[in-house]
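Accompanying notes for the structure given below.
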Amino acid sequence: MSVKENTNEAKENLNFIASMIDEAVNEGVNNGRVHTRFPPEPNGHLHIGHAKAICLDFGMAEKFGGKCNLRFDDTNPTKERTDFVDGIKKDIHWLGYDWEEREFYASDYFERLWAFAVDLIKRGLAYIDEQSAEEISAQKGTPTSPGKESPFRNRPVAESLAMFEKMNTGELDEGACVLRAKVDMTSPNMHMRDPIMYRINKMPHHRTGTKWKAYPMYDFAHGQSDYFEGITNSLCTLEFEVHRPLYDWFVEHLREDDYRPRQTEFNRLNLTYTVMSKRKLMQLVEENHVTGWDDPRMPTLSGMRRRGYTPDSIKNFINRIGYTKFEATNDVSLLEFAVREDLNKKAPRVNAVINPLKLILTNYPEDKVEMMCIENNPEDENAGSREVPFTRELYIERDDFMEEPPKKFFRLGPEREVRLKGGYIVKCEGYKKDEDSGEVTEVYCTYDPETKSGMPQSNRRVKGTLHWVSVGHALDAEVRLYDRLFLDENPLGHKDKDFLEFINPESLKIIHAKVEPSLATAKPLDYFQFQRIGYFNVDSDSTDEKLVFNRTVGLRDSWAKRK
RNA sequence: UGUCCCAUGGUGUAAUGGUAACACAGCGGUUUUUGGUACCGUCGUUCAAGGUUCGAAUCCUUGUGGGACAACCA
């Protein structure tokens, strides 16, 4: 049944791809079957742009009761590695998608592709060209002028056949010749001007080793692989639009029945303040502008995972930006909104003081320890509560005290009262200052015993509420404050300037914080809201001896904005 | 001086010939033991010109602007 008809209530708004598939299903195309594939080349790590493709490929299959294959597009041994295969699989699973037993490789089809190539030669539709890359390129013409035919274009079939064999035996050197499809050198579409089908590459392949010396090009592998797997919808990004006629040409000459896969293109993901190209990301890693592919500032899935982004936040973000044919640039603040939205519901609240200032309660007994019961998450009633030790000496945030506060400052200052969240209302009676630096070193307060959190008399209202940590119980932690990697909205958009010039010198600040003792058992990837500060997760570097937290994203802060 | 694709508030997306709307961002407010959350309000939109039609964001024509294509990469 149609997805549209399926919903009696409000008609669901489908993106143009879902509408297209819906229509095809209704018309009984391919017997109503929907089968997609996600086809990464294992030559690097996945980034959030790939996540957009993954969500579409797996999402369409899910929506229409079909299947989605994982297929590694491994037709170029020079760049591909097994560890990339493993990383890619891990990232897709992390996002929450599963290809079940359908893990395929373009290299699975080398035999069949070879046979198809031989067939095309025999049909006079392909030939061996012995010219150099430069000659072929020169004859190809330009987008505005037609190409010229190769002198080898009409060589005898037997000759091409024999040479094709030699391309794969190692008898011929790399670059000695290529196999080309005989299409149309005058086509206005450059991809139709006798495209190269096979080239020689003697580098061992990560899966097939040295068995092959001649490898199919993307254009000669992709559509056919789709056909072999019974793919109905081959979804790819906009820049492949001009490849589609060639995709169809090969499939048309290959197919033996009515079934054919259909390629449809959608817009790539672009984000403000971010670079997404694999080459640029590689450069950031190799030139040590970041610590690696999984640096929390990278838009890679491994980096975002380490930064504290949840799969749901990424999927929700992608859902909101949609799929169109318009080359859009999405605001990174929508991504930040998505992760705050998700973590607000899921992240346990904890007290962590990022820039500590000592606060002493002069009327609180020296050795007394009260265990304050504090709820873990006001947004989740099932999250329960925990006990946090409260004592005479506490750390508060340095920003939460001002000697001469302005009118709109609701926090602590001389003679002012605030609530220590989950504790007491305290009043500032004085403070100590370092004469040389002029820096406040201690703040002295008295507490009001009647105002203990939860007590009947505790409802007295004060302007501000501060988070705190007991000095004697505090744990030390390294906190990595991450900010956007680039200062410019479009780092690649300046002709006269290299994108590296826009790197934010303050994209990482490492500080030492005091955190509440319950965090002693926190494990890598656990996420928290540091009350009043932001969302943080435990870094993969973190150990029991040395806790390390990453700032995923700060809380919205209308006070900071006002300043 | 080519072919193909695209154009809706600041950003992104919807409206499938019938009242231009939603989210984010911005601004203002209510609630709040997080200056968070939630909630309310507010700002602001069909690239241009013609045509078809009772009626056009939607269809047609022309123009303007943006993008893709000249790897033995994918």
Side-chain angles (χ1 to χ4, degrees), chain A residues 4 11 13-16 19 39-41 43 73-76 78-80 106 129 132-133 136-138 140-147 174-180 187-193 196-201 215 217-219 221-222 236 238-245 265 267 272 278 317 320-338 340-341 344-345 349 374-375 378-379 408-411 418-423 425 451 453-454 458-467 529-534 554-562:
Chain A
K4 276 186 179 174
K11 190 173 69 179
N13 286 331
L14 302 178
N15 65 51
F16 79 102
S19 305
E41 183 186 16
N43 69 343
D73 221 336
D74 55 349
T75 57
N76 183 0
T78 315
K79 305 194 293 180
E80 295 152 6
D129 195 332
S132 68
I136 290 177
S137 169
K140 202 152 202 170
T142 69
T144 55
S145 62
E174 287 185 14
C177 62
V178 292
L179 181 70
R180 299 177 73 180
S187 169
N189 183 338
M190 297 288 288
H191 295 275
M192 301 299 274
R193 322 242 259 233
I196 293 171
M197 295 162 56
Y198 271 86
R199 80 293 209 184
I200 301 169
N201 187 333
Y215 291 90
M217 300 284 290
Y218 164 85
D219 282 312
H222 203 93
C236 61
L238 246 23
E239 67 272 22
F240 289 98
E241 223 154 16
V242 283
H243 292 247
R244 195 182 339 127
E265 311 84 13
N267 61 344
T272 54
K278 221 178 249 184
F317 166 71
R320 282 164 204 261
I321 62 173
Y323 299 85
T324 67
K325 292 174 86 73
F326 175 67
E327 186 95 23
T329 300
N330 294 278
D331 198 328
V332 75
S333 65
L334 184 61
L335 178 62
E336 292 171 347
F337 167 81
R340 285 193 191 105
E341 179 188 45
N344 177 50
K345 295 190 200 83
R349 273 58 168 168
I374 300 182
E375 63 179 342
E379 304 295 321
K408 290 280 190 163
F409 187 80
F410 301 148
R411 309 175 189 179
V418 295
R419 169 169 298 276
L420 297 176
K421 188 171 173 67
I425 293 178
T451 60
S453 198
S458 70
N459 289 328
R460 185 150 66 84
R461 292 197 55 180
V462 287
K463 280 264 176 75
T465 303
L466 309 188
H467 61 280
Q529 184 195 103
F530 285 5
Q531 196 88 229
R532 300 209 302 134
I533 300 177
L555 253 32
R556 263 188 66 205
D557 189 349
S558 49
W559 167 247
K561 261 184 221 158
R562 185 189 293 255

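In what follows, chains carry the letters A, B, and so on, assigned in the order in which the sequence lines appear, proteins first and then strands, with residues in each chain numbered from 1.
- The side chain of A:I196 has B:C72 as its nearest neighbour among B:G35, B:C72, B:U13.
- Residue contacts shown for A:G423 are absent, as no nucleic acid heavy atom lies under 4.0 Å away.
- Judged by distance alone, with hydrogens and angles left aside, the side-chain atoms of A:R193 form a donor-acceptor pair with the main-chain N or O of A:S187 at under 3.5 Å.
- Look at the P atom in both B:U31 and B:G36: the space between them is 14 Å, to the nearest Å.
- Atom NE2 in A:H243 sits roughly 11 Å away from atom P in B:A71 (whole-Å rounding).
- Under a 3.5 Å cut-off, the side chain of A:N267 and the backbone N or O of A:E327 do not form any donor-acceptor pair.
- The nearest heavy atom of RNA chain B to A:S145 and to A:H191 marks one nucleotide each, and the one closer to the 5' end goes with A:S145.
- Residue A:S187 is out of contact with every strand shown, counting any heavy-atom pair closer than 4.0 Å.
- Between A:H243 and A:Y218, the angle of the ring planes goes over 60°, which puts this pair in the perpendicular group of the 30/60° scheme.
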Q) Please, what dot-bracket string fits RNA chain B when only Watson-Crick and G-U pairs with both distances under 3.5 Å count, crossing ones use [ ] and pairs to another strand use |? A) .((((((..((((....[..)))).(((((.......)))))....(((((..]....))))))))))).....
Between the protein and nucleotides 22-26 of chain B, are there any N/O to N/O pairs under 3.5 Å, and if so, what are the atom names and distances?
unit_1 : atom_1 : unit_2 : atom_2 : d
B:A23  : O2'    : A:R320 : NH1    : 3.2
B:G26  : OP1    : A:K561 : NZ     : 2.8

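- Nucleic acid contact for A:T272: none, since no nucleic acid atom lies under 4.0 Å from a heavy atom of the residue.
- Across the P atoms, B:U13 and B:A56 are found 26 Å apart, a figure rounded to whole Å.
- Atom CE in A:M217 sits roughly 5 Å away from atom P in B:C73 (whole-Å rounding).
- Both A:G175 and A:P143 lie near RNA chain B, and the one whose nearest nucleotide falls closer to the 5' end is A:P143.
- Comparing B:U34, B:C69, B:A74 by their closest approach to the side chain of A:T465 singles out B:U34.
- A:T451 contributes a side-chain N or O that, together with a main-chain N or O of A:I425, makes up a donor-acceptor pair within less than 3.5 Å.
- Within the structure, a side-chain polar atom (N or O) of A:R532 is placed less than 4.0 Å from OP1 or OP2 of B:G35.
- When heavy atoms are screened at a 4.0 angstrom cut-off, A:K463 is found touching no nucleic acid atom at all.
- Contact annotation for A:K79: base contact, defined as any heavy-atom pair under 4.0 Å involving a base atom.
- Taking atom P on both nucleotides, B:G10 is separated from B:C54 by 35 Å, rounded to a whole Å.
- Counting all heavy atoms, side chain and backbone alike, A:H467 lies closest to A:I533 at NE2-CD1, 3.7 Å.
- In this structure a side-chain-to-backbone donor-acceptor pair under 3.5 Å is present from A:N189 to A:V242.
- Side-chain to base pairing of A:S453 with B:U33: one donor and one acceptor N or O lie within less than 3.5 Å of each other.
- Only the P atoms considered, B:G18 is 14 Å distant from B:G55, to the nearest whole Å.
- Within 4.0 Å (heavy atoms only), A:G554 reaches no atom of the nucleic acid at all.
- One atom, CD of A:E80, and another, C1' of B:C73, lie 10 Å apart when rounded to the nearest Å.
- Look at A:W559 and the base of B:G35; the rings stack, centres closer than 5.5 Å and planes less than 30° apart.
- Residue A:N267 is classed as a sugar-phosphate contact, given heavy-atom separations below 4.0 Å to backbone atoms only.
- When the P atom is used for both B:C73 and B:A23, the distance is 48 Å, rounded to whole Å.
- One finds a side-chain N or O of A:R199 lying less than 4.0 angstrom from the OP1 or OP2 phosphate oxygen of B:C73.
- The CZ atom of A:F240 sits 10 Å away from the P atom of B:C69 (whole-angstrom rounding).
- At a threshold of 4.0 angstrom between heavy atoms, the contacts of A:P245 with the nucleic acid are absent.
- Judged purely by atom type and a 3.5 angstrom limit, A:T272 uses its side chain to pair as donor or acceptor with the backbone of A:V332.
- The residue A:A328 sits close only to the backbone: its heavy atoms come under 4.0 Å of sugar-phosphate atoms, none of a base.
- The line from CZ of A:R532 to OG1 of A:T465 is 7.5 Å long, rounded to the nearest 0.5 Å.
- With rounding to whole Å, A:F410 atom CZ is found 7 Å from B:G35 atom C1'.
- Between atom OG1 of residue A:T78 and atom CD of residue A:E174 there is a gap of 7.0 Å, rounded to the nearest 0.5 Å.
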With 3.5 Å as the limit, what N/O pairs link the protein to nucleotides 3-8 of chain B?
unit_1 : atom_1 : unit_2 : atom_2 : d
B:C5   : O2'    : A:E241 : OE2    : 3.4

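- Here A:E174 lies out of heavy-atom contact (under 4.0 Å) with every strand.
- For the pair A:R193 CZ and B:C72 P, the interatomic distance rounds to 13 Å; values are reported in whole Å.
- Taking CG of A:N330 as the reference point, atom CG of A:L335 lies at 9.5 Å (rounded to 0.5 Å).
- One finds the CD atom of A:E41 at 6.0 Å from the NZ atom of A:K278 (value rounded to the nearest 0.5 Å).
- A glycosidic torsion no more than 90° from 0 defines the syn conformation, and B:A71 adopts it.
- Note: A:M190 CE to A:T142 OG1 = 6.5 Å, rounded to the nearest 0.5 Å.
- B:A49 and B:A68: their C1' atoms are spaced 27 Å apart (whole Å).
- Residue contacts for A:E239: at a heavy-atom cut-off of 4.0 Å it reaches the sugar-phosphate backbone alone, with no base atom in range.
- Rounded to whole Å, the separation between the C1' atoms of B:C43 and B:U1 comes to 45 Å.
- Residue A:L334 holds its CG atom at 7.5 Å from CD1 of A:I321, rounded to the nearest 0.5 Å.
- Atom C1' of B:C47 sits at a distance of 14 Å from the matching atom of B:G9, rounded to the whole Å.
- Remark: P of B:C72 and CG of A:L179 are 14 Å apart, rounded to the nearest angstrom.
- The distance between atom CD1 of A:I321 and atom P of B:U13, rounded to the nearest whole Å, is 8 Å.
- Comment: A:R320 engages A:E341 in a salt bridge, judged by a side-chain N to carboxylate O separation of less than 4.0 angstrom.
- Contact annotation for A:T78: no contact, since no heavy-atom pair falls under 4.0 Å across all strands.
- Looking at A:R340, its side chain does come within 3.5 Å of a backbone N or O of A:G554 through a donor-acceptor pair.
- Candidate nucleotides B:A74, B:U34, B:A14 were compared by shortest atom distance to the side chain of A:N76, and B:A74 ranks first.
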